[in-house]
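So the structure is just underneath, and the comments pick up after that.
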Amino acid sequence: MAIFFLRRFSVMVVTAVCLTLVVFFLTNLYPNLEKLAKTQGNFRMTEEDVQNWLEPRGYLQPTLKKYSEWLGVAPSMRHVDDEGKIRTRCAPPGTDPEEAGDYCGILQGYWGYSSQFKEPVADVLGRWLGITGYLMLWALIVTVPIALVIGVLAGMREGSGTDRSLSTFSIITSATPEYVSGVVLIAVFASSAVGLKWFKGSAAQAMSNPTIENFTLPVLTIALFNIGYIARMTRASMAEVMTAQYIRTARLKGLNFTSIVLKHALRNALIAPFTVIVLQIPYLLTGVVITETLFNYKGVGWGLVQAAGNNDIEMLLGVSVVAVVIVLITQLISDIGYVFLNPRIRIS
Amino acid sequence: MEPLTWFGVPGDILGWPFYIVTAVFLLSVVVSLLGYFGGVAAAIVGADGPKASSNALSSRAIWFARFPGSLLVLLVLAYCCLALIQPIQDRGIAGNIFVQFGPVWVAMIVVFALAIGFKSRLGLFGKIFDSTVGMIGFAMVIFWVFTAFFSGIFDWIVTHDSLSQVSGMKNKIPGTPLKGAEEGDYPWYLLGGDNLARDVFSRMVNGSTIVITIAPLATFFGYIVGITLGLPAGYFGGRLDTFLSFLANLILAFPVILLFYLLVTPEIVQTGIPNYMAAVFFIFPLIFLTVLLNSRYHVLPAIRTPLIAVVVILGGWFYLMTVSDMDRPQPTLVDILPESLDWFDVPGGVLVVFIAVVFVNSPTIFRIMRGLTLDVKNRDYVSAAQTRGETPWYIMLWEILPNVRGPLIVDFCLRIGYATILLGTLGFFGLGLPPESPDWGSTINTGRKLLSVYLHPAVTPSLALLSLVLGLNLLADGLREQSLKD
């Protein structure tokens, strides 16, 4: 067991390092740095101005050197200009560069300073994660029970009328990406022209004060797509279990259908959906980015779009670290959960 | 010119019957569901509830639901016939759209007639026509394929130029007559105008050409990459498998949106990275085809050598034409083909979108292919081939691959839908394709900014995208159902 965890953990670390390296490489390509300089300085900078802006900030060092600085395994560059002013990435604006240490990276717990939001990345990211976590939590609360009920009802009598109508519903929702369902939901429920005007088409106030009026549509938008997907998986798993030998035995024994479904089939049928639900969480991220952008809900997804649009390097790295950790942890949970739920499999 | 109403004169004639039948239809669907749930609830409450009677109830309810359903279809058909014989200004918006799509309906009827006629000779494809779901899905897919084809090649169906702006038509509602229409102009904006006074209907139709070209092609390339790497990974295992699986998991761990935002930007296009990635991805079909033919014919050098030579020369030329472009502002190392031999260039924006979709799709296909290979490689026919002394590549490409085609074909349909969604996502964030491009994602993006006031510019492409993806999913479902029956 310990070896299993150790191996998984080392794979996680290697993956995280590789991914951040890729992000680092792409964000530090010269055209991107030029864009950064121009958005931070001004748009009419000449080639020379750009160089003069980038050089003291340490952007023109080799990529690997910069990456080690960000990681915290190499000392950060100190630039002393003509007036003796020290500039180092360890001293964000507002702190004294004289007192800043040499090593400041993710290993020392310093996530960098966001060039777009003018705040330490860790602060911004922490705030966003809370906001987005709340949205995702509600999306899951809505999604999981509905999807499981639909899947089980459809799968317990394969080919019946209920199965057909519920399967059609789940196929339609799983074919509707968030930007389509969001647009349609806004058109129906929030449009001031012809809609029902039950809810608001913007969730800008929902960050501080979530109400049914401004929070329903974003949650529904994320939930719809995932309901369809999870319900289809549950249905397939349920339908498979219902054809198993032991269910036939239970039927022949004279048990009624309800107790066969509830006591015998359900336990085994829910193993596969568990894995699917946990593995679906990282994919929620994509939906969250679209939904937050569409509804102007300022969480991680919205922030990612802002940071990427302005090449806010350290912010992007922070977001990708968080994303990678979420992906790898959910994979781990799904593996472990699968083993615990399914006694036929043991970790070898 | 008068503004058009939604359903015109035929709508006035058929309006009331239509409402009544729709209401009865919806009611019957609800009743059949409720009846079923009622039966279940009764069974849960009373320990051994009357199971037989609840079954009978639901089957009767299904029959009850089916009758208004067919009546509804008949009414729609009647509406279409009535619309055909009306003069143009009385047809209404729906009738005029139906008439505009005329060539598509004709082509669809021809395809369906041919396919059902030759059903028994078409293999798995013919079997779609045994399942209603599969047929509906197939109809939705070929509807968009023909729309894309006719509007892309012959410029049919569209009513106006999708890029030209007409003053006074900004954000106009569907059915608004064209201001200052001249002789020969189509007299209305059927689905209204967008915020730059362009025709929403024509943009939707032209957008289908972009989507229908890029999505299946990108999926196809993703498949070739995934198959070429997944087969050996599953068959040989060992270090190769470990390395490739790690690489695939690495890409899969990347949040798709972040990847798009990093990869599909004008800055990245400037650096030439997409061109190098294209150079890598586009070589896979060439490798695949060469290995495929070589593994089959290497015992017959008289056929093998000329065949491979033709494939390598023609394929290589085509490959270079796609990858190389001498006119680029910043030349990359892959721009080596002289201008006289380079017959077409892929615009940077399209190329980077294409590459991004291939890049996101291929790791999943790799994993599917690897899993299928692992599943099949211990079967008897593989052992038989090994005993015969066949080469590993022959076994992989000519024994294993044809035998796992069922799940691959089903997944291919689903994956085209996913690629369509990804394309839409890119457009939604304004990445890659130019902002005036009529593809559905970009149109949704421009339309959503005024969504709460003007619905039609965003809702039209949304529904178009939804119907295509839904059609592909239904088609995949029908295929899966039929392939499981064997």
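The chains referred to below are lettered A, B, ... by the order of the sequence lines, with proteins before strands, and numbering in each begins at 1.
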A/Leu29 vs B/Ile273, side-chain contact (heavy atoms from CB on, under 4.5 Å): CA-CA, chis, key distance, verdict:
CA-CA 10 Å; A/Leu29 288 167; B/Ile273 288 178; 3.4 Å; yes
Counting only heavy atoms closer than 4.5 Å, note whether [X] contacts chain B via side chain, backbone, both or neither.
| X | answer |
| --- | --- |
| A/Val305 | both |
| A/Ile326 | neither |
| A/Val183 | both |
| A/Ile172 | both |
| A/Ser174 | both |
| A/Val23 | both |

So does [X] have more than 12 non-hydrogen atoms from other groups sitting under 6.0 Å from [atom1]?
| X | atom1 | value |
| --- | --- | --- |
| A/Leu129 | CG | yes |
| B/Lys449 | NZ | yes |
| A/Glu240 | CD | no |
| A/Phe9 | CZ | no |
| B/Tyr276 | OH | yes |

What side-chain donor-acceptor pairs closer than 3.5 Å can you find for residues 248-262 of chain B, not counting sequence neighbours?
| from | atom 1 | to | atom 2 | distance (Å) |
| --- | --- | --- | --- | --- |
| B/Asn249 | OD1 | B/Arg367 | NH1 | 2.6 |
| B/Asn249 | ND2 | B/Ser245 | O | 3.4 |

I'd like to know if the side chain of A/Tyr179 reaches the main chain of B/Ile421, judged simply by a donor and an acceptor atom lying under 3.5 Å from each other, with no hydrogens or angles considered.
yes
By a 4.5 Å heavy-atom criterion (distance strictly below it), what part of [X] contacts chain A: side chain, backbone, both, or neither?
| X | value |
| --- | --- |
| B/Thr425 | both |
| B/Asp477 | side chain |
| B/Tyr454 | neither |
| B/Leu465 | side chain |

Any chance you could measure [X], atom [atom1], to [Y], atom [atom2], to the nearest 0.5 Å?
| X | Y | atom1 | atom2 | answer |
| --- | --- | --- | --- | --- |
| A/Thr27 | B/Glu267 | OG1 | CD | 12.0 Å |
| B/Thr265 | A/Asn311 | OG1 | CG | 8.5 Å |
| B/Gln270 | A/Glu34 | CD | CD | 7.0 Å |
| A/Thr293 | B/Phe428 | OG1 | CZ | 6.0 Å |

Ignoring hydrogens, what is the shortest heavy-atom contact between B/Val459 and A/Ala187? Give both atom names and the distance.
CG2-CB, 3.8 Å
Can you tell me which residue pairs pass the salt bridge (charged side-chain N to carboxylate O under 4.0 Å, His left out) test with a partner in residues 278-287 of chain A, sequence neighbours excluded?
none
Below 4.5 Å, heavy atoms only, C-beta onward: do A/Val180 and B/Val469 meet side chain to side chain?
no
Does any non-hydrogen side-chain atom of A/Arg232 lie less than 4.5 Å from one of B/Asn473?
yes
Under the criterion side-chain contact (heavy atoms from CB on, under 4.5 Å), I'd like the reasoning laid out for B/Leu455 against A/Ile186: C-alpha separation, chi angles, the key distance, then a yes or no.
CA-CA 9 Å; B/Leu455 298 177; A/Ile186 292 181; 6.0 Å; no
For B/Phe246 and A/Cys18, what are the C-alpha separation, side-chain angles and deciding distance, and is it a side-chain contact (heavy atoms from CB on, under 4.5 Å)?
CA-CA 11 Å; B/Phe246 176 75; A/Cys18 289; 4.2 Å; yes
